[in-house]
Amino acid sequence: MGSEPPGEDALVLPPVPLATGRLLRLDDEHSVAVTAVELVVSTEDGAEHRIALVPRHGAWWPPDR
């Protein structure tokens with residue numbers, strides 16, 4: 001695709017929580033429990049890649065490599 005060698009400028013998720021919380025508020029009176037959080041990465045070829053975040057210590061973290 002690009003001219004960079006593999007591994008150059010690769011997407012890296014930092015080892016910090018990317019989201020917090022266990023509830024998704026739908027409106028002022030309704031919430032639902034969150035069971036999964038994913039980061040969706042779209043690439044120039046039109047593909048979507050999903051990276052499932054991991055619940056730890058009350059937050060959603062990137063997966064261990």
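Note that the structure is predicted; figures quoted are calculated from it, not measured.
- A donor-acceptor distance shorter than 3.5 angstrom exists from the side chain of W61 to the backbone of R56, with no hydrogens or angles considered.
- Hydrophobic clustering (ILVMFWY, side-chain heavy atoms < 4.5 Å, transitive): V12 and W60 are in distinct clusters.
- Hydrophobic cluster membership is shared by L13 and V41, with clusters built from Ile, Leu, Val, Met, Phe, Trp and Tyr side chains linked at under 4.5 angstrom.
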Which atom pairs, donor and acceptor, lie under 3.5 Å between side-chain atoms of residues 17-27 and protein residues at least two apart or in another chain?
unit_1	atom_1	unit_2	atom_2	d
D27	OD1	E29	N	2.9
D27	OD1	H30	N	2.8
D27	OD1	H30	ND1	2.9
D27	OD2	H30	ND1	3.2

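- Residue pairs meeting the side chain to side chain donor-acceptor pair (under 3.5 Å) criterion with at least one partner in residues 33-43, sequence neighbours excluded, are E38-R50, T43-D45.
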